[in-house]
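Accompanying notes for the structure given below.
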Amino acid sequence: MRLKAGCDLVLEGTERCPCVTLLRPRSGDAQWVCNERYRFDPPLHPTEYVDSFGNLCQRFVAPPGRLRLRADATVETDDHIAVDWHATATPVQALPDTALQFLLQSRYCPADYMAARAAQITAGCEPGYAQVEAIRAWVYERIAYRYGVSDEYTSALDTLADGAGVCRDFAHVGIALCRSLGIPARMVVGYLHQLVPMDLHAWFEA
């Protein structure tokens, strides 16, 4: 399947402002970026680096006034998500070095407080994909999708207490529950095919 994705951002400020943006999607196992086009108005010349999570980051200083950023990409991806229902867990000692950071506690995903809940949710599941699927289904069934409940300070524990949130909050809960079981998990942000109205969407990858 070939998808076209893009964003059109307008920034306004009274002073010069250093910025880091993540405008470029990554090619990888699940998708191939066929072509990309970017426009900065007024013209800028950003530098780019790869952060510790593998994101492609653009760094520049926005001038005073109005700055418009336009990014467009064409991406080839499979029609369906590849699923292995019988994938087994990888022991922590066998994980690649790059995956270890996705086991750590964080401000939004305090996994050390969620081990008992995770064990309850995944009781009877074989270690691996079955546990992650049990967590995904539990989050989907138990947490209501509701705007205005959470903000930029809301953690996974807050979302569990509220019983509601948005996609970002769902992802935080899933990440924390997976990490508490020794399963590396991380936030993914992108575009969801056929989401109406179209907007950025967040989910978790384990």
- request: Kindly compute the distance separating CG (Leu69) from SG (Cys19), expressed to the nearest 0.5 Å.
  value: 8.0 Å
- line: All heavy atoms of Cys57 vs all of Val20, minimum pair found to be CB-CG1, 3.9 Å
task: Quick one: do Val188 and Phe204 satisfy side chain to side chain contact (heavy atoms under 4.5 Å, CB included)? Show the steps, please.
output: CA-CA 6 Å; Val188 178; Phe204 75 95; over 6 Å; no
field: Connected via hydrophobic side-chain network under 4.5 Å: Tyr113 and Phe102
entry: no
task: Could you tell me whether Asp8 and Arg68 make a salt bridge, using a distance below 4.0 angstrom between a side-chain N and a carboxylate O?
output: yes
task: List the atom of Gly182, the atom of Val92, and the distance in Å for their closest heavy-atom pair.
output: O-CG2, 4.0 Å
message: A side-chain contact here means heavy atoms from C-beta on lying under 4.5 Å apart; do Tyr129 and Val83 qualify?
response: yes
- prompt: Out of curiosity, does Phe53 fall in the hydrophobic cluster containing Ile175 (side-chain heavy atoms, cut-off under 4.5 Å, transitive links)?
  reply: no
- prompt: Any donor and acceptor pair, going by atom type alone, linking the side chain of Gln105 with main-chain N or O of Asp112 inside 3.5 Å?
  reply: yes
message: Run Cys178 and Ile135 through side chain to side chain contact (heavy atoms under 4.5 Å, CB included) and show every step you take.
response: CA-CA 8 Å; Cys178 286; Ile135 288 169; 3.9 Å; yes
message: Side-chain heavy atoms nearer than 4.5 Å, only ILVMFWY residues, links allowed to pass through others: does that put Tyr108 and Tyr145 together?
response: no
message: Would you say OH of Tyr140 has more than 12 non-hydrogen atoms from neighbouring residues, nucleotides or ligands within 6.0 angstrom?
response: no
field: Summary of salt bridge (Lys or Arg N to Asp or Glu O under 4.0 Å) pairs that have at least one residue in residues 192-206, sequence neighbours excluded
entry: Arg186-Glu205
- line: Residues Pro25 and Val33: closest non-hydrogen pair is O-CG2, 3.7 Å
message: Would you say that more than 12 heavy atoms from the other residues, nucleotides or ligands in this model lie under 6.0 Å from the CD1 of Ile81, or not?
response: no
message: I need the Leu104 CG to Arg179 CZ distance, nearest 0.5 Å.
response: 7.0 Å
- prompt: Rounded to the nearest 0.5 Å, how far does CE of Met114 lie from CD of Gln120?
  reply: 12.0 Å
query: Hey, are the side chains of Arg37 and Arg70 touching, using non-hydrogen atoms and a 4.5 Å cut-off?
result: no
- prompt: Quick one: are Lys4 and Asp72 in side-chain contact, heavy atoms under 4.5 Å?
  reply: no
task: Could you please spell out the steps behind the side chain to side chain contact (heavy atoms under 4.5 Å, CB included) verdict for Asp162 and Ser150?
output: CA-CA 9 Å; Asp162 294 333; Ser150 62; 5.8 Å; no
field: Residue pair Leu23 / Leu9, side-chain heavy-atom distance below 4.5 Å
entry: yes
message: Starting from Val10 and following side-chain heavy-atom contacts under 4.5 Å between hydrophobic residues (I, L, V, M, F, W, Y), which residues can be reached?
response: none
message: List the residues meeting ring pair (Phe, Tyr, Trp, His ring centres under 6.0 Å) with Phe40, not counting sequence neighbours, and say none if there are none.
response: Phe60
- prompt: Can you name the residues that form a ring pair (Phe, Tyr, Trp, His ring centres under 6.0 Å) with Tyr49, not counting sequence neighbours?
  reply: none
message: Checking Tyr191 now: which residues fulfil ring pair (Phe, Tyr, Trp, His ring centres under 6.0 Å) with it, not counting sequence neighbours?
response: none
- prompt: So, the side chain of Glu48 versus the backbone of Pro46: is there a donor-acceptor pair under 3.5 Å, distance only?
  reply: no
message: Hydrophobic cluster membership, with links at side-chain heavy-atom distances under 4.5 Å among I/L/V/M/F/W/Y: are Trp138 and Val132 in one?
response: yes
message: Could you see if Leu177 belongs to whatever hydrophobic cluster contains Met187? Use Ile, Leu, Val, Met, Phe, Trp, Tyr and a side-chain cutoff under 4.5 Å.
response: yes
- request: Nearest 0.5 Å please: distance from the CG atom of Leu103 over to the OG atom of Ser180.
  value: 10.5 Å
field: Donor + acceptor pair across side chains of Thr154, Asp169 (<3.5 Å)
entry: no
- prompt: How about Leu44 and Pro63: do any of their side-chain heavy atoms sit closer than 4.5 Å?
  reply: yes
query: Between Phe170 and Ile143, which heavy-atom pair has the shortest distance, and what is it?
result: CZ-O, 3.3 Å
field: Full working for side chain to side chain contact (heavy atoms under 4.5 Å, CB included) between Val50 and Leu56
entry: CA-CA 5 Å; Val50 179; Leu56 303 173; 3.8 Å; yes
query: For Gln101, does the CD atom sit with more than 12 other heavy atoms under 6.0 Å from it, leaving out its own atoms?
result: yes
query: Which pairs with one or both residues in residues 128-157 pass salt bridge (Lys or Arg N to Asp or Glu O under 4.0 Å), sequence neighbours excluded?
result: Glu133-Arg136
message: On a heavy-atom basis, which atom in Gln131 and which in Thr122 lie closest, and how many Å separate them?
response: O-CG2, 3.6 Å
- line: CD1 of Ile183 to CG of Leu95, rounded to nearest 0.5 Å, is 10.0 Å
query: Do His172 and Thr159 have side-chain heavy atoms sitting under 4.5 Å apart?
result: no
query: Hey, is CZ on Arg107 packed in by over 12 heavy atoms from elsewhere, all under 6.0 Å?
result: yes
task: To the nearest 0.5 Å, tell me how far Thr77 OG1 sits from Trp32 CH2.
output: 13.5 Å
query: Which atom pair, heavy atoms only, marks the closest approach of Ile121 to Ala134?
result: CG2-O, 3.7 Å
field: More than 12 heavy atoms from other groups under 6.0 Å of CG on Asp51
entry: yes
